[in-house]
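Input: a single structure, listed below in structure tokens.
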Amino acid sequence: ASWVLLALLTDYDLLVLGTKEFGTAFRNCVLVAWGRSTQRRLMFVKESFVVIVYVFSFVGSILFGIQQLRFYQQLDEQNDTMKDYAVIITDLPSLAGTEPVEEELKECLETSQRVTHFQQPVEEMGPFR
């Protein structure tokens, strides 16, 4: 629709270019000459259209991404998900993996002062790898 609008506002030949029927050899020669001169004359319009469409598409994509991020953040703020209740513990010593240490770590976390101020029990411990 934007290309048709641009063609109607600039030059109708943009819509005709490449669609005329050919005929005799002389008519074909005239048609090719007309097409070449028209194409060269209107090339800046075509190039400008492509640049404008590219810029609007790029800016629109960035704005859409920002809008989606804000929507996600608002949705995440309004709803409780698993990431609101998860904790990642780092710098634990390396173990062979033969002993089940999840219960011991769970007890340590429940007695820790950092965790107890939330007044939430530790529900489940995932496997360590």
Side-chain angles (χ1 to χ4, degrees):
S2 59
W3 175 252
V4 173
L5 181 64
L6 178 69
L8 293 175
L9 292 174
T10 307
D11 194 339
Y12 185 75
D13 286 341
L14 284 169
L15 299 175
V16 176
L17 199 60
T19 61
K20 288 190 174 186
E21 291 191 29
F22 58 91
T24 63
F26 175 73
R27 185 177 153 112
N28 287 344
C29 200
V30 170
L31 182 62
V32 168
W34 174 84
R36 184 167 188 215
S37 66
T38 304
Q39 184 177 14
R40 284 186 169 191
R41 180 173 49 89
L42 298 174
M43 188 57 72
F44 79 94
V45 176
K46 293 178 178 181
E47 291 171 349
S48 301
F49 178 78
V50 169
V51 169
I52 289 169
V53 167
Y54 177 79
V55 168
F56 275 108
S57 298
F58 178 77
V59 171
S61 298
I62 297 297
L63 293 176
F64 180 71
I66 291 170
Q67 184 262 338
Q68 288 293 96
L69 176 64
R70 289 182 179 166
F71 176 74
Y72 170 76
Q73 290 171 340
Q74 181 183 19
L75 189 67
D76 186 45
E77 188 67 32
Q78 293 172 353
N79 297 305
D80 293 330
T81 60
M82 289 302 293
K83 74 177 189 176
D84 295 322
Y85 298 101
V87 63
I88 297 175
I89 302 171
T90 58
D91 298 328
L92 291 174
S94 297
L95 299 171
T98 57
E99 301 175 22
V101 294
E102 286 85 0
E103 287 299 321
E104 183 180 337
L105 186 57
K106 181 179 175 181
E107 290 173 13
C108 288
L109 287 173
E110 286 175 341
T111 58
S112 171
Q113 294 205 0
R114 286 185 173 175
V115 176
T116 55
H117 81 276
F118 290 114
Q119 299 176 353
Q120 296 290 327
V122 177
E123 294 291 328
E124 190 174 323
M125 297 290 295
F128 296 102
R129 295 183 185 142

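Because the structure is predicted, anything quoted here is derived from the model rather than measured.
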Taking the side chain as everything from C-beta on, heavy atoms only, tell me whether Leu92 gets closer than 4.5 Å to Val101. no
What one should report as the nearest heavy-atom pair of Asn28 and Gly23 is OD1-N, 2.9 Å
Of all heavy-atom pairs between Leu31 and Glu21, which one has the smallest distance, and what is that distance? CD2-O, 3.8 Å
Show your working on side-chain contact (heavy atoms from CB on, under 4.5 Å) between Asp11 and Thr38 and close with a plain yes or no. CA-CA 10 Å; Asp11 194 339; Thr38 304; 5.6 Å; no
Going only through I, L, V, M, F, W and Y residues with side-chain contacts under 4.5 Å, is there a path from Leu15 to Phe49? yes
Scan the side chains in residues 65-79 for donor-acceptor partners under 3.5 Å anywhere in the protein, sequence neighbours excluded, and list what turns up.
from, atom 1, to, atom 2, distance (Å)
Tyr72, OH, Lys83, NZ, 3.1
Asp76, OD2, Lys83, NZ, 3.3
Asn79, ND2, Leu75, O, 3.0

Common cluster, Tyr12/Leu5, ILVMFWY with side-chain heavy-atom separation under 4.5 Å: no
State yes or no: do Leu14 and Val16 share one hydrophobic cluster built from I, L, V, M, F, W and Y residues joined by side-chain heavy-atom distances below 4.5 Å, directly or via other members? yes
List the steps, then state whether side-chain contact (heavy atoms from CB on, under 4.5 Å) holds for Trp3 with Val53. CA-CA 10 Å; Trp3 175 252; Val53 167; over 6 Å; no
Distance in Å, Lys46 NZ paired with Leu6 CG, rounded so as to fall on 0.5 Å steps: 11.5 Å
Find the distance between CG (Leu17) and OG1 (Thr19) and round it off to the nearest 0.5 Å. 7.5 Å
To the nearest 0.5 Å, atom OG1 of Thr10 lies from atom CZ of Phe44 at 7.0 Å
Rounded to the nearest 0.5 Å, what's the gap from CZ on Arg41 to CG on Asp13? Could you check? 5.5 Å
